[in-house]
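Below is a structure I'd like to ask you about.
Numbered from 1 within each chain, the chains take letters A, B, ... in sequence-line order. Excluded from the calculations below are hydrogen atoms, water molecules and symmetry mates; all remaining heavy atoms, backbone and side chain alike, are included. Not measured: the values here are computed from a predicted model.
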Amino acid sequence: MIQCKTSKSIGGMGHSLKRKEDARFIQGKGNYVDDVKLPGMLYMDIVRSPYAYAKIKKINIEEALKVPGVVAVVTGRDLEKYNLHWMPTLMSDTQMVLPTDTVMYQSQEVAAVIATTKYAARDGREAVNVEYEPMKPVIDPFKALDPSAPVLRNDKPGKTDNHIWNWKVGDKEKTDKLFETADVVVKEQMHIPRIHVASIETCGCVADYDKVNNHLTMYMTTQAPHAIRTVIALVAGHVGLTEEKVRVIAPDIGGGFGGKVPVYPGYVIAIAVSFLVGKPVKWIEDRSENLQADSFARDYHITAEMAGTKDGKILGTRFKILADHGYTDASANPSKFPTGMFSIATGSYDYDTTYMECDAVYTNKPPGGVAYRCSFRVTEAVHAIERITDRFALEIGKDPADLRMQNFIKKEDFPWKSPTGWIYDSGDYHAGLEKAMKAVNYEELRREQAEKRARGELMGIGLSTFTEIVGAGPSKDFDILGIKMFDSAEIRVHPTGKAIARFGTKSQGQGHETTYAQIIAEELGIPAENIAIEEGDTDTAPYGLGTYASRSTPTAGAAAAMAARKLRDKARKIAAYLLEVSEEDLEWEPGKFSVKGAPEKSKTIQEIVFAAYTNHPQGMEAGFEATHYYDPPNLTFPSGAYICVVDIDRETCEIKVRRFVAIDDCGNIINPMIVQGQVHGGLTQGIAPAMYEELIYDESGNILNGTLMDYLVPTAVESPNWETGHTITPSPHHPIGAKGVGESPTVGAPPAIANAIVDALSPFGITHLDIPITPYKIFKALKEKQVF
Amino acid sequence: MTRKISVTVNGTKHELEVEPRLLLVHMIREVLNMTGTHIGCDTSSCGACTILLDGKSIKSCTVLAVQADGHSITTIEGLAPEGGPLHPLQEGFKENHGLHCGFCTPGMIMRCVELLEHNNNPTEDEIRWGISGNLCRCTGYNNIVKAVQWAGAKMRGEETPSTEPEFV
Ligand code: FES
Ligand code: FES
């Protein structure tokens, strides 16, 4: 049971308030980008490459220009005149807006057709005829490093191979030595598949350039409107679009999950066209374009190793990664962290020796490496450590739960310094796993499994006890394109005691309009229902880096609490003045200050605010507003203990997730209903890559499942009935003790499912299967082991 | 080349001249400017565009506007009068946190209207199969199932189940 400090009518932290934003969504009154319609608006459609790697010989646009309604066709050559044909990626690599000579992946943008209607733009697109000279693409990332492989990025002077960068952390010598001498060493090769966020709303924008005032309003599907405004000014400042002339508006967003962080060529082309013709231009991509061309996620090939003792003590880990980035590194990681937070891969376990290394390569695939609900590559890291931990348990014949209990970092050892340098803020891993084991009745399950095994039935139990790392981040280490990763909140309380608060973040379904109001309600005692929340408009909100990587609560949530505390300090001064006592004589309870020992003498927050406008002490600044920019002192480290139970049909190899219990620890909880909802959704996005989703390419670079007909997003039938719960270990450094939760389930679920399936198959000598684990993969593996 | 059609949308009759190839969803969104019905795919897979055609839930991206000639359609905007009272499903989704980003929600609700009309006391399994043509990327479906059960109880005139989140 969560203890609340405020009454339900104030609705501070811990209350399951119903969401304020829902009223418009359930009545069809949301306002998403495709709902924006402006007078004179033109529509843009994009011609895309059928080849993964080809020279462009000629783009024939004459027929397209004859199509009724078509206004213009834009090619790379047109953009080149304004030096807008290339743009920087968030990782300071470069990406084509439109190509002038070569296409680098299938479905890459080749030309844009502008027309007066959506249908005319599509007709125009069909009428553009591009002549290509196909070349042999590089698809396999391992072959990309072959000396005979063509150098894909020969646009970069001096580039002689397809290697992008090398990253390493840890003590190589010590680790190598440990692995030579340790009693037990286990090793598995794993692929974390290339997947797609597939938010149900695709990406798009309306670029509205006003020639008279030299001003651009950009409505777009972005999780980080301020950062986008700065990027636009950096890219287009030289043609007059400096930052004060750009307003970015992120309206309602139909799911983001990291896919709406990058800048896609479509946005830039729309801006360029609007700038040239002086009319609003709408670009909304199709689902297939979205799956085939927008940033992918994951695609890490990992060799994971663990060393330990025969009785189960983990002594060290070693991870070697090959990262396939497609034709450009368009990840969205903090600048100093090319592999994101992968170095959390030492996990929840107490040992001091590790070494990790990653090489990134170019291939003829779409660019990306976005942080898809994973707080920057944590999904990859957690999969590697949780899978190899199970592998170790299997090797020495120890129950994986016992092995974890034996190796967990102890509660009293926090703050704990990891071998890769992170300071884990707090945690109670034993309590989480105990709770999960109790919820599933673990011992009974193992008994049942033994019986079933004896009868030849396939039942598996899988665990994942992960540590997350979120809330990027402290400015000394964290920036994107040089901009520090703080976030902000501004609170204005009106004379009648109602408020509006604005943020640099942007909800895509997380429920900020409700949870931020609850944080302010907690601190100020103003009812949450009287606090309006606004995000997503760069003209009104204070600067912030946006919503991704579970950072909104750790950063902007903290900023809200800090800004509210500034106001409470001011309220204390006003109350002292009104009650004619000294500030020290006052005590605060949510919603009012009263005189110590004389509780009948009190002033409510509403009375105090009214006085701030009508009767404030002389010499004090009038009004009741505060802004705070919060620069976190550390990251936060949520954790979880997940247990999955599967039954596999021995004849059809069909996998049934019988139970899945997720115990999350995200510190103090703002709204239990919303936290639970986030966990449900994240778990379904966890079962997706574990069992269903992977973007597959053939050797010519053709995508084989680039539509929702073939790319299997789980429906309500594939998605099990999730069982959730929590333990609460507050973050000691966060103003409200919260840690962030949105990504934990996506990060923690895949290894729990994979571990359960491998557990079911382990009697046949199967020690690992790559996700997504399908019935066919199981069938093949069992056949190899001559079970069939 | 256009064709004249007559379609009743949320009770109002519209006489329109449309291209024969115009999709019904585009008629609703672009011609009638009712943007509550969404588009989430180009392969009839997601269900974001679900509306009622003569009371039956259909994916409006898979039907031509001319096919709706002489028929009557209901979109999310027509489910309840503006400003309330809400339809039990609308209420159920809000009370049970059956939506996050809201993008799938109108289609999901319209699908469930027909589902509950056929059977106002569906089992969890019947609900899951019943909405399997509608994708939601945000909620993980648990609370959508709850929302539909809640709305069913309300429509049956029974006491609605608790909406407090349950934890193990
Ligand atoms: S838009 Fe996806 S089914 Fe109609
Ligand atoms: S609520 Fe976002 S897709 Fe369903």
Check: Arg128(B) side chain, Glu718(A) main-chain N or O, donor-acceptor pair, under 3.5 Å:
no
Taking side chain as everything from C-beta outward and backbone as N, CA, C, O, which of these in Ser288(A) sits under 4.5 Å from a heavy atom of chain B? Side chain, backbone, both or neither.
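Backbone plus side chain of Ser288(A), per the 4.5 Å heavy-atom cut-off to chain B.
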Using only atom types and a distance under 3.5 Å, with no angle test, would you say the side chain of Tyr32(A) pairs donor to acceptor with the backbone of Thr35(B)?
no
For a 4.5 angstrom cut-off between non-hydrogen side-chain atoms, does Ile26(A) reach Ile76(B)?
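No. Closest side-chain heavy atoms not under 4.5 Å.
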Rounded to the nearest 0.5 Å, how far does CZ of Phe103(B) lie from CG of Asp252(A)?
10.5 Å
If I measure from the heavy atoms of chain B, does Leu683(A) come under 4.5 Å with its side chain, its backbone, both, or neither?
neither
Donor-acceptor pair, Arg137(B) side chain versus Ile200(A) backbone, under 3.5 Å?
no
Largest heavy-atom contact set with chain B, pairs under 4.5 Å, which of Lys37(A), Gln508(A), Glu723(A), Arg373(A):
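Of the options given, most contacts go to Lys37(A).
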With a 4.5 angstrom heavy-atom cut-off, which part of Ala688(A) approaches chain B: side chain, backbone, both or neither?
side chain
Using a strict threshold of under 4.0 Å (side-chain N to carboxylate O), is an ion pair present between Lys29(A) and Glu82(B)?
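Lys29(A) and Glu82(B): salt-bridged.
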Side chain from CB out, backbone as N, CA, C, O: work out which of these in Thr163(B) comes under 4.5 Å of a heavy atom of chain A, or both, or neither.
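Both parts, heavy atoms under 4.5 Å.
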Other residues, nucleotides, ligands: >12 heavy atoms within 6.0 Å of Glu529(A) CD:
no
For the pair Glu164(B) and Lys18(A), find out whether any cationic side-chain nitrogen is under 4.0 Å from an anionic carboxylate oxygen.
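The answer is no: the pair does not qualify as a salt bridge.
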Let me know if Glu201(A) has heavy atoms under 4.5 Å from chain B in its side chain, its backbone, both or neither.
both
Please state whether the side chain, the backbone, both or neither of Lys438(A) comes within less than 4.5 Å of a heavy atom of chain B.
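Neither part.
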Heavy-atom distance under 4.5 Å to chain B: side chain of Val675(A), backbone, both or neither?
neither
Could you check which of Ile687(A), Leu291(A), Val679(A), Thr684(A) has the highest count of heavy-atom pairs closer than 4.5 Å to chain B?
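Of Ile687(A), Leu291(A), Val679(A), Thr684(A), Thr684(A) has the most heavy-atom pairs under 4.5 Å with chain B.
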Segment of Val661(A) engaging chain B (4.5 angstrom heavy-atom cut-off):
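Val661(A) touches chain B through side-chain heavy atoms alone.
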Return the OG1 to CG distance between Thr105(B) and Asp22(A), rounded to the nearest 0.5 Å.
8.0 Å
Chain B contact via Gln678(A) - side chain, backbone, both or neither, heavy atoms under 4.5 Å:
both
Between the side chain of Asn142(B) and the main-chain N/O of Trp722(A), is any donor-acceptor distance below 3.5 Å?
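A pair under 3.5 Å: yes.
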Answer yes or no: is there a donor N or O on one side and an acceptor on the other, between the side chain of Arg29(B) and the main chain of Asp34(A), under 3.5 Å?
yes
So, the part of Glu124(B) with a heavy atom under 4.5 Å from chain A: the answer is side chain
Pair Phe25(A)-Cys101(B), side-chain contact (heavy atoms from CB on, under 4.5 Å): steps then yes or no
CA-CA 8 Å; Phe25(A) 295 139; Cys101(B) 77; over 6 Å; no
Please state whether the side chain, the backbone, both or neither of Leu79(B) comes within less than 4.5 Å of a heavy atom of chain A.
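Neither part; nothing is under 4.5 Å.
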Find out whether Pro106(B) and Gln27(A) are in side-chain contact, i.e. whether some heavy atom of one side chain is under 4.5 Å from a heavy atom of the other.
no
Leu22(B) versus chain A, heavy atoms under 4.5 Å apart: side chain, backbone, both or neither?
both
Please check if the distance between the ring centroids of Tyr119(A) and His26(B) is under 6.0 Å.
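Close enough - the centres of the two rings lie under 6.0 Å apart.
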Contacting region of Asn33(B) [heavy-atom separation from chain A under 4.5 Å]
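Only the side chain of Asn33(B) comes within 4.5 Å of chain A.
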Toward chain B, the part of Pro720(A) with a non-hydrogen atom under 4.5 Å:
backbone
Heavy-atom side-chain contact between Thr724(A) and Val168(B) under 4.5 Å
no
Using modelled atom types and a 3.5 Å cut-off, is there a donor and acceptor pairing between side-chain atoms of Lys94(B) and backbone atoms of Arg19(A)?
yes
Identify which part of Thr43(B) has an atom lying under 4.5 Å from any heavy atom of chain A, answering side chain, backbone, both or neither.
both
Between the main-chain N or O of Pro165(B) and the side-chain N or O of Gln676(A), is there a donor-acceptor pair closer than 3.5 Å?
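No; judged by distance alone, with no hydrogens or angles, the pair does not exist.
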Glu159(B) CD: over 12 foreign heavy atoms closer than 6.0 Å:
no
